[in-house]
Amino acid sequence: MKLQRCHPHRLFLKPILTFHTKPKHLYCTSAIRDSDDKDSQFIVTLKNIVRGKQSWIIAFNDPFISNKLKPHHVEKVLLLTLDDSRLALRFFNFLGLHKNFNHSTMSFCILIHALANANLFWPASSLLQTLLLRGGVDPREVFEALHDCFKKCDFISSLGFDLLIQSYLQEKRMFDSVLIYRLMRQCELMPRVRTLGEVLNGLVKIRRVDMVLVLFGEIVSMGIRPDIYIYVAVIRSFCELKNFAKAKEMIQRMESSECDLNVVVYNVLIHGLCKNKRVWEAVEIKNGLIQKGLTASEVTYCTLVLGLCKVQEFEVGSGVIDEMIELGFVPTEAALSSLVEGLRRKGKVVDAFGLVTRVQKVGVMPSLFVYNALINSVCKDGKYDEAELLFKEMGEKGLCANDVTYSILIDSFCRRGELDKAIQFLGKMIVAGIKITVYPYNSLINGHCKLGEFECSGVFF
DNA sequence: GTAGGGTTAG
């Protein structure tokens, strides 16, 4: 029977049979039988209160009940209420909230399994989080408690353990989630494929791609068919290791299996190639998508733009931006920033300006960085009117000029000898509460010196 | 539940 639990696709064989042959509330008879007679009577009283129409507040205000009530009684009542896990949860919360009752770890575990078995994942996870927050609980201890309860109560599915793995992942405790997976395996339990995918992607996030590949090998050797999320984690791992041959091999494996495919898989490879300056290979992958019945996404295009910037192919990058706009995609500010910066540095200020104008039409808002970079470039080219136009435009768009913006403008005024205007802008900075750096002062000193007004320049020391 | 930047502008 235990072996059946090992395979995720067979997890539900036992439950379905059990469910129809044995009512849930009878699962825990052995646990109840252990109680002594006095306790048994008390538990029956408690059970009747929980299921009855009487007010719980009144019933539990009775000193006979409240003085006698201990965590192990609650455990028994919960076990007798497994057929209605919502009611069990209400009772558990009632005692916690209204009676400040200190529940046992066992009670938590019973409810977590009960709720998970009833597909009530949100309250089950919430309880798990509370349990984990109870302070200094070792993941092994939590697993032991959950497993102890699982065995004793003969619960249907092992979803409670999946939720434990997910709780650790949410808290960014990836190694603890792997530990729970390992402990499950030791007990011949297997998490769902979805949970495994989440663990692998969690490990990718902390760059433990070595662990991803080890776990993937284990999963496959157990005969489990990986889903697209597992493959994405593995492809990302191979890209991270710069092993593009293996990444491509993995995609081919997906293509020849019945696994669902989407553009994300290819975007991961495209990103890996771009990051390693293999952008032309990435472009070919993108061009081959149509043959596979897929279409490039906004992410595909933006990834390519950033990759093209990395190899200084700014003109091609601009072309990609135009292509995506034609297809109705909106470039990200990141793609725009990289391109503008690249074009500008190559002296192609007009192209950068034109690009900003085009993307603005489809709703992309250039960042303060883009504006400052452009203002700086047009100033250097002596196009002061354009600089002031950009400055005005920033204000209209609600972008607040910062110390860099002002220092660029003040410097440009000083260079053309318009010192009055420079001082006027310095005043604006002070009024706006922008931090004053050394740059505007240097510009003003240089400006005065240039005009031969050496005495004036001393004012700024 | 999986994909896209960054040691930027004076």
Practice item. Classify the nucleic acid contact of A:Asn442 as base, sugar-phosphate or nothing, counting any heavy atom under 4.0 Å across all strands shown. Key: nothing
Exercise for review: Tell me which residues in residues 308-332 of chain A put a heavy atom below 4.0 Å from DNA chain B, sorted by number, or none.
Suggested key: A:Lys310, A:Thr332
**Study point:** Side-chain N,O (A:Asn376) to OP1/OP2 (B:dG10) below 4.0 Å
**Key:** yes
Check your understanding: How long is the line joining CG of A:Leu273 and P of B:dG4, in whole Å?
Key -> 14 Å
Review point. Would a 4.5 Å heavy-atom cut-off, applied to side chains only, mark A:Glu198 and A:Asn201 as touching?
Key: no
Review point. Which of the following nucleotides, B:dG1, B:dG10, B:dA3, is nearest to the side chain of A:Asp403?
Key: B:dG10
Practice item. Quick one: list whatever passes ring pair (Phe, Tyr, Trp, His ring centres under 6.0 Å) with A:Phe425, sequence neighbours left out. Key: A:Phe391, A:Phe413
Point to revise | Full working for side chain to side chain contact (heavy atoms under 4.5 Å, CB included) between A:Leu336 and A:Leu339 | key: CA-CA 5 Å; A:Leu336 174 68; A:Leu339 267 179; 5.7 Å; no
Review point. Considering only side-chain heavy atoms of A:Glu298, which listed nucleotide, B:dT8, B:dG4, B:dA3, is closest?
Key: B:dG4
Exercise for review: Decide yes or no on side chain to side chain contact (heavy atoms under 4.5 Å, CB included) for A:Glu144 and A:Asp138, but give the supporting numbers first.
Suggested key: CA-CA 10 Å; A:Glu144 286 298 326; A:Asp138 179 62; over 6 Å; no
Check your understanding: Would the number of heavy atoms belonging to other residues, nucleotides or ligands and lying under 6.0 Å from CD of A:Gln291 be above 12?
Key -> no
Practice item. For A:Thr300, answer base if it contacts any base atom (sugar-phosphate contacts may also be present), sugar-phosphate if it contacts only those atoms, and nothing otherwise; contact means non-hydrogen atoms under 4.0 Å. Key: nothing
Check your understanding: Which listed nucleotide (B:dA3, B:dG10, B:dG1) is nearest to the side chain of A:Val268?
Key -> B:dA3
Exercise for review: Return the nearest nucleotide to the side chain of A:Cys302; candidates are B:dG4, B:dA3, B:dT2.
Suggested key: B:dG4
Check your understanding: Can you tell which of B:dG10, B:dA3, B:dG1 lies closest to the side chain of A:Asn267?
Key -> B:dA3
Exercise for review: Write down the distance between CD1 (A:Ile235) and C1' (B:dA3), rounded to a whole number of angstrom.
Suggested key: 11 Å
Exercise for review: Sort and list the pairs that fulfil salt bridge (Lys or Arg N to Asp or Glu O under 4.0 Å) and have at least one residue in residues 268-278 of chain A, not counting sequence neighbours.
Suggested key: A:Arg278-A:Glu281
Point to revise | Candidates B:dT8, B:dG4, B:dT2 - which lies nearest the side chain of A:Val299 | key: B:dG4
Check your understanding: Taking the side chain of A:Arg345 as its heavy atoms from C-beta onward, which of B:dT8, B:dG10, B:dG1 lies nearest to it?
Key -> B:dT8
Point to revise | Residue A:Lys246 excluded, over 12 heavy atoms near NZ under 6.0 Å | key: no
Check your understanding: Does a nitrogen or oxygen in the side chain of A:Arg236 sit under 4.0 Å from OP1 or OP2 of B:dA3?
Key -> yes
Check your understanding: A:Tyr266 OH to B:dG4 C1': how many Å, rounded?
Key -> 18 Å
Exercise for review: Would you mind classifying the nucleic acid contact of A:Thr303 as base, sugar-phosphate or nothing, using non-hydrogen atoms under 4.0 angstrom?
Suggested key: sugar-phosphate
Point to revise | Touch class at under 4.0 angstrom, heavy-atom based, for A:Thr437 against every strand present | key: base
Exercise for review: Using whole Å, report how far CE of A:Met429 lies from P of B:dG10.
Suggested key: 15 Å
**Study point:** For atom CG of A:Leu339 and atom C1' of B:dG5, their distance in whole Å
**Key:** 12 Å
Revision key, fill the gap. Taken to the nearest whole Å, CD1/A:Ile165 to P/B:dG1 is 16 Å
Check your understanding: If you measure from CE on A:Met254 to CD1 on A:Ile228, what distance do you get to the nearest 0.5 Å?
Key -> 4.5 Å
Practice item. Starting at atom CG of A:Leu261, determine the distance to atom P of B:dT2, rounded to an integer number of angstrom. Key: 18 Å
Review point. Which part of the nucleic acid does A:Gln166 contact within heavy-atom distance under 4.0 Å: base, sugar-phosphate only, or nothing?
Key: nothing
Point to revise | Distance in angstrom units between A:Leu289 CG and B:dA3 C1', rounded | key: 12 Å
Review point. Reckon A:Ser337 touches a base, only the sugar-phosphate, or nothing at all at heavy-atom distances under 4.0 Å?
Key: base
Review point. Which is it for A:Glu418 and A:Tyr384 under the side chain to side chain donor-acceptor pair (under 3.5 Å) test, yes or no, and what are the steps along the way?
Key: CA-CA 12 Å; A:Glu418 294 183 25; A:Tyr384 304 117; over 6 Å; no
Check your understanding: Does a distance-only test, which skips hydrogens and angles, find a donor-acceptor pair under 3.5 Å between the side chain of A:Asn372 and the base of B:dG10?
Key -> no
